Trainee: 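Sharing a structure here in structure tokens format.
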Number of protein chains: 2
Amino acid sequence: MLKKERQAYILQKINLHNKILSGVISEEMSVSQDTIRRDLAELEQVGKVIKVHGGAMSPSFHYQTWSFDDIYARDAKKEIARKAVTLIEDGMVVVTTGGTTIIELAKVLPTNLKATFFCGSVPAICEYMKHPNIEIIVIGDKLSKNSRITVGHQAIEQIRSLRADLCFLGINAIHPEFGVSDNDWDVVVLKKAMIKSSQKVVGLSISEKINTIQPIQLCPLDHINVLVTERTPFDPLLHDLRKKGIQPL
Amino acid sequence: MLKKERQAYILQKINLHNKILSGVISEEMSVSQDTIRRDLAELEQVGKVIKVHGGAMSPSFHYQTWSFDDIYARDAKKEIARKAVTLIEDGMVVVTTGGTTIIELAKVLPTNLKATFFCGSVPAICEYMKHPNIEIIVIGDKLSKNSRITVGHQAIEQIRSLRADLCFLGINAIHPEFGVSDNDWDVVVLKKAMIKSSQKVVGLSISEKINTIQPIQLCPLDHINVLVTERTPFDPLLHDLRKKGIQPL
DNA sequence: CTATATAATGCAAATAATTGCAATATAAGT
DNA sequence: ACTTATATTGCAATTATTTGCATTATATAG
């Protein structure tokens with residue numbers, strides 16, 4: 001077998017699986033690992049692969065995973081925000097959680113929209129502040145450094161004494177069986193209160209989080225009225241959720 | 001599993017959920033926590049994550065910066081902040097108003113200072129958030145767009161139920177006869193409550209505001225214990241105020 | 001303060017990479 | 001075809017990396 005053939009084979013494998021192990025390839029082609037390593041060295045010179053301990057990876061994969069300068073899946077979140085914002089009508093009282101998706105929502109609010117927003121997330125509030133016609137009610141309490149959102153009894157009380165038309169819920173994990181789940185107890189308690197205080201609950205979730213589970217259950221699926229993702233409403237990924245009564249947007 | 005794969009997985013998790021716990025990840029991938037910690041250390045080196053006790057979080061969460069570019073008399077305010085910060089001791093409960101001087105104060109807080117800050121000013125809270133050891137209690141209520149501070153009955157109630165060691169008061173006008181005055185009714189009510197709830201009241205004011213009057217009286221001079229300006233304590237400008245019992249710093 | 005959990009450090013075992021060297025294969029020129 | 005020069009390959013010894021464990025230090029929570 002010629003060297004070029006071998007290298008072509010290696011490239012094909014890498015394009016297929018994004019990575020290879022020197023050991024596996026050397027066995028598959030019954031040559032020594034040294035040979036494979038030398039091939040990889042050459043291919044790296046030309047920029048076709050990236051060598052790592054134990055094998056090599058696709059440079060595109062490498063690039064992809066290592067160059068988030070920005071918010072993860074920002075485009076998807078922008079798309080979600082664009083769709084979600086259509087649900088807000090003038091004069092509504094809206095309560096929102098925090099999270100990067102909510103921030104994108106805050107950024108695309110129409111400037112002429114007149115509404116009242118209840119929110120305990122500092123970054124979200126900062127965005128809301130930029131809109132001239134929006135009234136902001138800050139939910140006050142201890143500020144959780146992790147989530148940059150206020151949590152605690154006082155916050156819960158404040159939410160309880162509120163009847164919102166709409167609740168925008170940043171969703172961390174949603175699953176057809178286990179419903180909506182999250183990983184921070186304080187935040188879960190807060191979100192529960194928000195759901196209870198709202199007529200209509202809108203979940204915002206990038207599709208990646210669909211069919212995933214987090215340690216703490218927030219609510220069963222039927223508490224969520226509308227789920228906004230970057231996919232179209234009839235995407236097969238949403239099929240199970242739609243069957244369970246979720247209305248995708 | 002390759003090291004880079006693991007790190008890519010960690011990054012994805014962090015981008016999805018904003019934080020991870022070393023223990024959880026190490027179980028998910030069945031490697032030791034040491035390995036995860038070392039991965040996190042590497043990722044931190046490259047600035048991809050921020051290590052915290054027990055795991056790591058997304059850096060975009062940590063370094064959200066605010067640019068208040070055109071602050072009037074910033075140098076004077078910086079000097080005031082430097083002096084004022086010496087009054088805070090470990091373990092104190094501090095309540096502060098908003099305003100650019102308070103923001104400068106927030107910026108010069110020693111990183112090792114452990115204290116609790118009550119505050120309703122969004123920009124100030126953003127600054128406080130950058131300090132790892134400070135506990136922040138957000139005073140919640142309607143957000144005044146002008147002053148970017150929460151005002152209203154709920155805020156007053158929250159302040160009333162509080163006993164602070166120290167109150168840092170951004171001062172808009174101070175006069176030997178008319179005392180401290182301001183121009184926003186909501187803010188005045190709020191500051192009054194803060195004064196009442198604090199052992200010691202520290203006014204922060206650039207010298208330019210000394211001997212000026214604003215429409216609404218906030219309090220007589222004797223409610224202010226210490227006045228911090230950019231001048232030295234024995235500056236002639238402060239003479240009248242000192243004679244009235246104010247202690248300049 | 002005390003108890004518990006987490007972090008940092010040094011060490012040892014396992015695995016992988018590198019290098020020099022010898023054997024073999026390939027190519028080129030006569 | 002024969003010889004020589006060059007390239008490729010496998011092997012062994014050396015070196016570097018990675019990983020887990022034990023120990024000690026540090027931080028967090030009650």
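Everything quoted here is computed from the prediction, not taken from an experiment. Order of the sequence lines fixes the chain letters, A, B, ..., with proteins taken first and strands second; residue numbering starts at 1 for each chain.
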Trainee: Does anything in residues 168-186 of chain A form a salt bridge (Lys or Arg N to Asp or Glu O under 4.0 Å)? List the pairs, not counting sequence neighbours.
Mentor: A:Glu177-A:Lys244, A:Asp182-A:Lys191, A:Asp184-B:Lys19

Trainee: Rounded to the Å, how far apart are A:Lys4 NZ and D:dT9 P?
Mentor: 13 Å

Trainee: Just how far, in rounded Å, is C1' of D:dT18 from CD of B:Glu42?
Mentor: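 Atom CD in B:Glu42 sits about 10 Å away from atom C1' in D:dT18.
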
Trainee: By the salt bridge (Lys or Arg N to Asp or Glu O under 4.0 Å) test, which pairs, at least two apart or in different chains, include something from residues 154-169 of chain B?
Mentor: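 Salt bridge (Lys or Arg N to Asp or Glu O under 4.0 Å) check on residues 154-169 of chain B returns B:Glu157-B:Arg160.
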
Trainee: Ignoring backbone atoms, test whether A:Arg6 places a side-chain nitrogen or oxygen under 4.0 Å from the OP1 or OP2 oxygen of D:dT8.
Mentor: no

Trainee: Separation of B:Lys3 atom NZ from D:dG20 atom P, in whole Å?
Mentor: 13 Å

Trainee: Using the ring pair (Phe, Tyr, Trp, His ring centres under 6.0 Å) rule, collect all pairs that involve residues 11-47 of chain A, keeping only residues at least two apart or in two chains.
Mentor: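 Residue pairs with at least one partner in residues 11-47 of chain A: there are none.
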
Trainee: Taking side-chain hydrogen bond (donor to acceptor under 3.5 Å, both in side chains) as the test, write out the residues that go with A:Thr116, two or more places apart.
Mentor: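 Per chain and number, A:Thr116 pairs via side-chain hydrogen bond (donor to acceptor under 3.5 Å, both in side chains) with no residue.
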
Trainee: B:Ile139 and A:Val138: which non-hydrogen atoms are nearest, and at how many Å?
Mentor: O-CG1, 4.4 Å

Trainee: With sequence neighbours left out, what residues match B:Arg37 under salt bridge (Lys or Arg N to Asp or Glu O under 4.0 Å)?
Mentor: none

Trainee: Would you mind reading off the distance between A:Arg38 atom CZ and D:dT9 atom P, rounded to a whole angstrom?
Mentor: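 Rounded to whole Å, this separation is 8 Å.
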
Trainee: At under 4.0 Å between heavy atoms, which parts of nucleotides 22-30 of chain D does protein reach? Answer with one letter per nucleotide, 5' to 3': B base, S sugar-phosphate only, - none.
Mentor: B----SS--

Trainee: Sort and list the pairs that fulfil salt bridge (Lys or Arg N to Asp or Glu O under 4.0 Å) and have at least one residue in residues 40-53 of chain A, not counting sequence neighbours.
Mentor: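 Qualifying pairs, neighbours excluded: A:Lys3-A:Glu42.
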
Trainee: Whole angstroms only, please: what is the CG-P distance between A:Leu21 and D:dT18?
Mentor: 15 Å

Trainee: With a cut-off of 3.5 Å and sequence neighbours excluded, list every side-chain donor-acceptor pair involving residues 202-209 of chain A.
Mentor:
{"from": "A:Ser207", "atom 1": "OG", "to": "A:Glu230", "atom 2": "OE2", "distance (Å)": "2.5"}
{"from": "A:Ser207", "atom 1": "OG", "to": "A:Arg231", "atom 2": "NE", "distance (Å)": "3.3"}
{"from": "A:Glu208", "atom 1": "OE1", "to": "A:Tyr72", "atom 2": "OH", "distance (Å)": "2.8"}
{"from": "A:Glu208", "atom 1": "OE2", "to": "A:Tyr72", "atom 2": "OH", "distance (Å)": "2.6"}
{"from": "A:Glu208", "atom 1": "OE2", "to": "B:Gln12", "atom 2": "NE2", "distance (Å)": "2.8"}
{"from": "A:Lys209", "atom 1": "NZ", "to": "B:Leu16", "atom 2": "O", "distance (Å)": "3.2"}

Trainee: Along DNA chain C, 5' to 3', what are the outermost nucleotides having an atom less than 4.0 Å from a heavy atom of chain B?
Mentor: C:dT6 to C:dT9

Trainee: Tell me, please, which residues at least two apart from A:Thr96 pass side-chain hydrogen bond (donor to acceptor under 3.5 Å, both in side chains).
Mentor: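 Applying side-chain hydrogen bond (donor to acceptor under 3.5 Å, both in side chains) to A:Thr96 gives A:Tyr128.
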
Trainee: When the distance from CD of B:Gln33 to P of D:dT18 is rounded to whole Å, what number comes out?
Mentor: 20 Å

Trainee: Going by distance alone, is a donor N or O of one side chain under 3.5 Å from an acceptor N or O of the other, for B:Lys77 and B:Thr100?
Mentor: yes

Trainee: Rounded to the nearest angstrom, tell me the gap between atom CE in A:Met29 and atom P in D:dT8.
Mentor: 15 Å

Trainee: At what angle, to 10 degrees, do the two end axes of the helix from C:dC1-D:dG30 to C:dT30-D:dA1 meet, given five pairs define each axis?
Mentor: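 One end axis against the other gives 40°.
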
Trainee: Does anything in residues 110-120 of chain B pair up under salt bridge (Lys or Arg N to Asp or Glu O under 4.0 Å), and if so which pairs, sequence neighbours excluded?
Mentor: none

